[in-house]
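Take a look at the structure below.
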Amino acid sequence: MPAKSPTPPTVSSGELRVPHRPQGPRRLTSSSLPPIFAVSPDKERLLLPPVLYQAILSYLPLSQYVACAQVSRAFRQIVYDDAGWIGRLRKLKVWDDVGAASFQSDEKKWTKARSIIMQDLASKNITPLNVLETVHSIPGYARHEFARVYKLLAPLYFDLTRPARVSQFEPQVFKIYRTPELQALVLRTLIQFSNALTDDDADEQRQRLYGITEIFENAAIRELETGLDAQDYEGRARRYAMVLTMLNGGNTAVQAFIQRSKLLLSTVTPGTSTCFQVDEKSGQIKVDLEPVKTFLRHLSNGILKEASIIGKIFSTKNDVVEKATFHIVERVVEDILGDYCLVLVDRSHEIDIDLYLQVVSGAYEALLQFAYSLLLEDPDTDDKALREALRPFHLSVHAIIDRIYEQHVDLYLQEELDRFRAKCDGEVSRFDRKAAQQEQEQETILRNKYREMAILQDSSGAEKFDFLTSFKKVLFLPVVAIGSPVIHASSSSSRASSSMKDDTSEKLSTQTSATSKEPLPSTELAANAAILNSRLASIRNLFSLEVALDLIQAARESIERTALFALFDGQTGEEAKEQCQLIFTALLEFLGFHHIQNGFERALSHLTEYRPPTTTDDGGDGERPQQVEPLVTFLELVNVGDLIQQMVDVFYEKELISRKFLDRTDFLSPAVKEKRRFEQMLDEHVALGLNRGIDVLMEQVNYFLATYQRPNEFNVNNDAAAGNLVAHDSQFFDTRLGPTEAAIKVVNTVSSHTKLLNGNTDKTTLDVFLQEVGLRLYSSIGKHVKRQTIAVDGGAVLLISDLNYYYRFVETSLRQRPLLPYFAALREIAQLYLIDAKSAREIGIVMSDVVQKFAGIVTAEDVLEYVQRRADWILVKRDVEKAVYGMGLTDCLVM
């Protein structure tokens, strides 16, 4: 029979006393202590630091502390020191450091401390069940507080953990507390109390306590399971769930409930074949995620039913309900949805990449909706307080979904980017092939028709002209034909060009019949001109707004799918954000550098081949401006490019900046750098095109000046000049007299073309374009004036009218102040033609004034060249040169 264990120590009046132990160890004295506990002769000083003695004493049973305190005053001070007892109260988790500090700062509180301690010692309301809740954190009284706890709990603890206790002897705990609730509460208190015991037997005693608690816990679990099987949720199941909650927080109760969950035991995952259906019309496989959503709704309803049962079983005053619900959701997501999504995603990847991309993003979005459905019937509720209360639970569920879905994200991101790049490449290549095919078919139609007519007209098979030779004739004919009869060779070509507006994507036979409705070119020259016109007319189709819309829409869909995974925490979320930037970068690469850039380069090539037309047929009224068709078409192309850039900017702001996937100030970001490259490419090609367009426009201006300016129009007297004035209602000149027909043609043509850019490009580009047009116009007018002969009597008036007309056009239409001094200089120079030959020396004085007034714009040599165009230059030459140079040529003695 095992030996009897010693009687637990008792506490009286706050002092620890060792009970009488007949068979216990003898009392400790100074002579019986080990050498390490020896003291100096005065018994006031210890050989070691007090901290070491406290650490050694912690291995002794508390019953031996009284004996140690009686060894000497120094030992008594060590035993009674507050630091050691505060450490034990901290292990009990009842000591509050903040509260203890408040006693030290408040003297009134400190004076009441002793009365509080004495009241608790005399109180009969303090029991083993609530003693830990009544502990006060009062510095200097930690030993008294622990003694009070020890007095109530130690007898029950040592009685329950005696090794001699067997099944026929019922512990005092179960005799005093008969209900399971109280027994669970006292067992939990004893477990907490055992943490403060550190002697050699404490571990063995603690293990015995754990064993008894486990037996009690298993019995409570069996009772809980019985209540669950009987669906007695509000009776037996609730009672023993509460018992387990009091014992260990309810973890074992939650696990017991989950193991008997009908949702987890009875749910069968549906097959994935219902998600992939063959379209009867197209024969292609399409994805339908409605079965997935239906299955998730079924699981959501099942979880909500389980949650209602959990609410009946567990108390709503703690977090056990949320914990149990969360564990149910965790098991459903990991055990059911994890495997189901894996099968669904793998199956879609085997069928088609497009289906795979739709399934991965669509299934994840459905899972997020599933998470929201567990919180509220309406995820968009405006109850902020309710949403904030449910936020931790939602984040936990979201984390579970991310954990089971993270394995699919890496492959998805790579496939998404590869598929988007392939789609962009396919769209751009398809458009390029179609455009090239249309151009080739159009040229083939014109050449074949010309050959057929040539065979009919000349069956002798005469040698045809070389293409380049006839092409050069078409291009350079206007320059050669200045002042000569003009060959009207483009009337047939213009009609051929108009026939090309039919849809060239149709069959060749359809194109041939459509083209044959108009008179076809009868000569190789006309055929080549028609081909050139067809190329110029096709400039507007070199890049397509529809292609840009398709690519941007595809990028938006890809980013919308990828953005779902940006909600992931950690590296996966960052990779998804970087993927969105890569998609945008790929969009700019294919849209800008593979589509728009190629279109601009081809447009510039076609524009370079253009020369002004060889016809003067403009309707006969002399008022309607004749447009430079390739420039107009190129400006339309610029407008399309500007519109595409605006679309890209809107897409950039909405899809990347507003979602905070990208910081626009991050100049190192690949997306930001690619966007700047895209904008720079557009600006460069627009600038090149506008520069070439200005060249073409100035060629047209030169053509008008050479064609519509009648010979010797400025070399007439006053009466003839009055008969040569043109009556008109121009907005740039509002007097009875007016400019010449050539000036009207030039101004109306330039005005009509410059207005095409208004509102379609940024102000900086527009200002640069208009200033360049103005400078080129100034240069062309100056060269034109230097080729004329101006009569003082009448021609000077006409010239001044033209120059005033140009000045008013620059001032009111172009509205570029830097240009006004140039045209003002021309007006001042024109005044030189009004000075009579008798006042020839005054001409030189006025010339000097003009050079000084417009320094940097005109030089003395330029002004002299203008003066030399006077009809009476021979008469005034000597006096003018003498006024300018200080002497004439006849004054030179060497000559």
Side-chain angles (χ1 to χ4, degrees), residues 263-280 282-300 302-303 329-373 397-423 426 554 557-580 582-583 586:
L263 178 65
L264 295 174
L265 296 176
S266 60
T267 300
V268 178
T269 57
T272 59
S273 58
T274 56
C275 299
F276 306 101
Q277 299 178 357
V278 180
D279 188 6
E280 297 180 356
S282 62
Q284 297 179 351
I285 299 179
K286 294 185 176 181
V287 62
D288 182 15
L289 295 178
E290 190 60 33
V292 177
K293 297 178 181 179
T294 302
F295 178 55
L296 292 177
R297 284 194 294 268
H298 166 72
L299 291 179
S300 177
I303 291 175
V329 175
E330 185 177 27
R331 288 286 300 277
V332 168
V333 173
E334 292 182 349
D335 298 347
I336 299 177
L337 293 181
D339 296 339
Y340 179 68
C341 291
L342 180 61
V343 175
L344 180 64
V345 169
D346 289 346
R347 177 57 180 160
S348 64
H349 194 273
E350 294 174 358
I351 297 176
D352 184 70
I353 294 298
D354 289 333
L355 295 181
Y356 168 76
L357 299 178
Q358 297 177 28
V359 166
V360 173
S361 59
Y364 182 70
E365 185 177 9
L367 288 176
L368 295 182
Q369 293 298 326
F370 163 76
Y372 275 111
S373 66
V397 176
H398 200 295
I400 299 174
I401 294 175
D402 291 350
R403 187 168 66 246
I404 64 107
Y405 216 81
E406 190 172 6
Q407 58 181 325
H408 308 296
V409 176
D410 290 340
L411 179 60
Y412 164 78
L413 294 178
Q414 186 61 43
E415 294 286 1
E416 181 72 69
L417 182 60
D418 293 343
R419 182 57 179 168
F420 176 72
R421 294 182 65 87
K423 184 172 183 178
E557 293 175 356
S558 295
I559 290 180
E560 288 289 341
R561 290 193 295 261
T562 308
L564 293 173
F565 302 101
L567 301 174
F568 275 71
D569 293 330
Q571 184 179 359
T572 302
E574 294 300 324
E575 290 177 353
K577 293 179 182 179
E578 292 178 1
Q579 174 84 341
C580 294
L582 292 177
I583 292 174

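Model, not experiment: these values are computed from the prediction.
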Not counting sequence neighbours, which residues clear salt bridge (charged side-chain N to carboxylate O under 4.0 Å, His left out) with [X]? List them please.
X      : answer
Glu406 : none
Glu330 : Arg403
Asp346 : none
Glu290 : Arg297

Reported [atom1]-to-[atom2] distance for the pair [X] and [Y], which is rounded to 0.5 angstrom:
X      : Y      : atom1 : atom2 : answer
Leu296 : Ser300 : CG    : OG    : 8.5 Å
Phe295 : Leu299 : CZ    : CG    : 4.0 Å
Leu367 : Ile400 : CG    : CD1   : 12.0 Å
Ile404 : Ile336 : CD1   : CD1   : 11.5 Å

Could you report the tightest heavy-atom contact between [X] and [Y], atom names first, then the distance?
X      : Y      : result
Ala371 : Ile401 : CB-CD1, 3.8 Å
Gly302 : Leu263 : C-CD2, 3.8 Å
Tyr405 : Val360 : OH-O, 2.6 Å
Leu344 : Ala363 : CD2-CB, 4.4 Å
Phe420 : Ala554 : CE1-C, 3.7 Å

Could you list the donor-acceptor pairs under 3.5 angstrom formed by side chains in residues 352-359, with sequence neighbours left out?
{"unit_1": "Asp352", "atom_1": "OD2", "unit_2": "Asp354", "atom_2": "N", "d": "2.9"}
{"unit_1": "Asp352", "atom_1": "OD2", "unit_2": "Leu355", "atom_2": "N", "d": "3.4"}
{"unit_1": "Asp354", "atom_1": "OD1", "unit_2": "Arg419", "atom_2": "NE", "d": "2.7"}
{"unit_1": "Asp354", "atom_1": "OD1", "unit_2": "Arg419", "atom_2": "NH2", "d": "3.4"}
{"unit_1": "Asp354", "atom_1": "OD2", "unit_2": "Arg419", "atom_2": "NH2", "d": "2.8"}
{"unit_1": "Tyr356", "atom_1": "OH", "unit_2": "Tyr412", "atom_2": "N", "d": "3.4"}

How would you list, by chain and number, every residue that makes a side-chain hydrogen bond (donor to acceptor under 3.5 Å, both in side chains) with [X], sequence neighbours excluded?
X      : answer
His408 : none
Glu575 : Gln571
Ser361 : none
Lys293 : none

Quiz item: How would you list, by chain and number, every residue that makes a side chain to side chain contact (heavy atoms under 4.5 Å, CB included) with Leu417, sequence neighbours excluded?
Solution: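 Scan of Leu417 (side chain to side chain contact (heavy atoms under 4.5 Å, CB included), adjacent residues dropped) gives Arg421, Gln579, Leu582, Ile583.
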
Quiz prompt | Verdict with reasoning, Leu368 to His398, per side chain to side chain contact (heavy atoms under 4.5 Å, CB included) | solution = CA-CA 7 Å; Leu368 295 182; His398 200 295; 3.3 Å; yes

Exercise. Could you note down all residue pairs passing salt bridge (charged side-chain N to carboxylate O under 4.0 Å, His left out) where residues 361-373 supplies at least one of them, sequence neighbours left out?
Key: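 Listed by first then second residue: nothing to list.
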
Does the side chain of [X] reach to within under 4.5 Å of the side chain of [Y], using non-hydrogen atoms?
X      : Y      : result
Tyr364 : Asp402 : yes
Cys275 : Val292 : yes
Ser373 : Ile303 : no

Exercise. Evaluate side-chain hydrogen bond (donor to acceptor under 3.5 Å, both in side chains) for Gln414 paired with Asp410, printing each intermediate quantity in order.
Key: CA-CA 7 Å; Gln414 186 61 43; Asp410 290 340; over 6 Å; no

Expected list for residues 559-570: side-chain donor-acceptor pairs under 3.5 angstrom, two or more places apart:
{"unit_1": "Glu560", "atom_1": "OE1", "unit_2": "Arg659", "atom_2": "NH2", "d": "3.0"}
{"unit_1": "Glu560", "atom_1": "OE2", "unit_2": "Arg659", "atom_2": "NH2", "d": "2.6"}
{"unit_1": "Arg561", "atom_1": "NE", "unit_2": "Glu416", "atom_2": "OE1", "d": "3.0"}
{"unit_1": "Arg561", "atom_1": "NH2", "unit_2": "Glu416", "atom_2": "OE1", "d": "3.4"}
{"unit_1": "Arg561", "atom_1": "NH2", "unit_2": "Glu416", "atom_2": "OE2", "d": "2.8"}
{"unit_1": "Thr562", "atom_1": "OG1", "unit_2": "Ser558", "atom_2": "O", "d": "2.8"}

